[in-house]
Amino acid sequence: MNKLLVIGAGGQLGTELTQSLANTYGSEAVIATDFQESARSKFNYCRFKTLNVLDKEAVGKLLQKDQITQVYHLAAILSATGEKDPMQAWDMNMRGLLHVLELARENKLEKIFWPSSIAVFGPNTPKQKTPQDALKNPTTVYGISKLAGEHWCEYYFNTYGVDVRSLRFPGLIGYKSLAGGGTTDYAVDIYHQAIREQSFTCFLQEDTYLPMMYMDDAVQATMQLMAAPASSIRVRTSYNVSGMSFSPREIAESIQSHHPNFQVQYAPDFRQQIADSWPSSINDDCARNDWGWKAEFDLPKMTTEILTKLPSYIHNL
Ligand code: AKB
């Protein structure tokens with residue numbers, strides 16, 4: 001029987017992925033954990049425990065006591081927050097992953113999921129339709145930790161047979177929780193401000209194109225990758241996955257087609273430099289060919305869905 005542990009379940013991806021795992025495997029099969037006790041209120045449908053991935057002993061005890069078979073390790077410090085305290089970001093992102101990989105080896109876990117990011121790419125990477133194996137020269141501590149993490153995943157697979165699988169996510173956009181500390185967060189916040197204030201100040205320039213993905217597609221990609229037979233997973237660092245690519249001006253126009261009075265100002269800050277170092281769009285042929293990946297949402301479809309559903313959610317956030 002599958003028994004699934006989600007680490008960092010209270011975050012943007014965890015909030016929605018945990019629900020999907022509970023729908024698929026049953027609520028009794030899922031344990032949601034987060035280092036913040038306040039995340040508990042999101043998980044009235046499954047077990048919840050506070051857990052800090054940096055406490056290896058506590059993670060190990062939980063794995064053994066509950067006979068966990070799969071771990072979804074989502075806890076990380078993202079690109080913008082990481083630049084404010086690089087040592088803390090490195091410690092959290094690297095030591096957390098190594099704890100999970102070591103425990104997976106020691107306890108012979110069946111499968112691990114760990115998200116990487118387009119932040120592994122850098123200013124010398126081709127910007128358009130960036131290929132899977134493009135040159136990587138990350139400039140943020142977050143990107144450096146994700147690139148090192150990808151290689152650790154491959155090492156644990158090759159050396160110890162740990163079945164760890166990974167996706168290089170672009171900016172993730174959902175309406176059920178707020179984003180936290182990333183460079184792509186503007187594309188989440190803009191919908192909230194469109195509903196609350198009818199105006200928004202964007203921290204990136206209007207013509208900055210970045211790869212993005214709607215949360216339903218991100219959850220679907222994760223579920224699909226984890227369900228694929230091990231023999232079809234040919235990339236053991238992390239797969240490029242693409243959803244859509246747009247600029248702040250384009251997302252603003254997409255919102256204005258529903259809310260014509262919505263106004264956007266631009267006040268770029270330190271996150272502009274991070275965004276400028278990342279690809280504009282991603283080539284995900286390897287994920288398509290190996291395990292049949294294909295995104296469902298483009299910008300107009302995502303905007304319609306978020307603007308329809310967000311108003312009834314906004315008071316819970
Ligand atoms: C960030 O902006 O740091 C993240 C990411 C692209 O990994 N959303």
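Order of listing sets the numbers, starting from 1, for every ligand and every atom in it.
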- Numbered atoms of ligand 1 (with element) below 4.0 Å of L78, judged on heavy atoms: 3 (O)
Closest non-hydrogen protein atom to [atom], residue and atom name please, with distance?
{"atom": "atom 2 (O) of ligand 1", "value": "T183 N, 2.7 Å"}
{"atom": "atom 8 (N) of ligand 1", "value": "T184 OG1, 2.9 Å"}
{"atom": "atom 5 (C) of ligand 1", "value": "S117 OG, 3.5 Å"}

- Message: Looking at V241, is its backbone amide N or carbonyl O close enough to the side chain of R288 to form a donor-acceptor pair, meaning the two atoms are under 3.5 Å apart?
- Response: no
- Between D85 and Q88, is there a donor-acceptor pair closer than 3.5 Å when you use the side chain of the first and the backbone of the second? yes
- W278 N/O to ligand 1 N/O under 3.5 Å: no
- Taking distance alone, with no angle check, do D185 and ligand 1 share an N/O pair under 3.5 Å? no
- Query: Quick one: does F121's side chain get under 4.5 Å of L135's, heavy atoms only?
  - Reply: no
- Task: Walk me through it: do E150 and S116 pass the test side chain to side chain donor-acceptor pair (under 3.5 Å)?
- Result: CA-CA 7 Å; E150 287 190 4; S116 183; 2.7 Å; yes
- same_hphob_cluster(L167, W293) at 4.5 Å side-chain heavy-atom cutoff: yes
- Query: Is it the side chain (CB and beyond), the backbone, both or neither of S79 that lies under 4.0 Å from ligand 1, heavy atoms counted?
  - Reply: both
- Item | Parallel, tilted or perpendicular: rings of Y72 and F113 (30°, 60°) | tilted
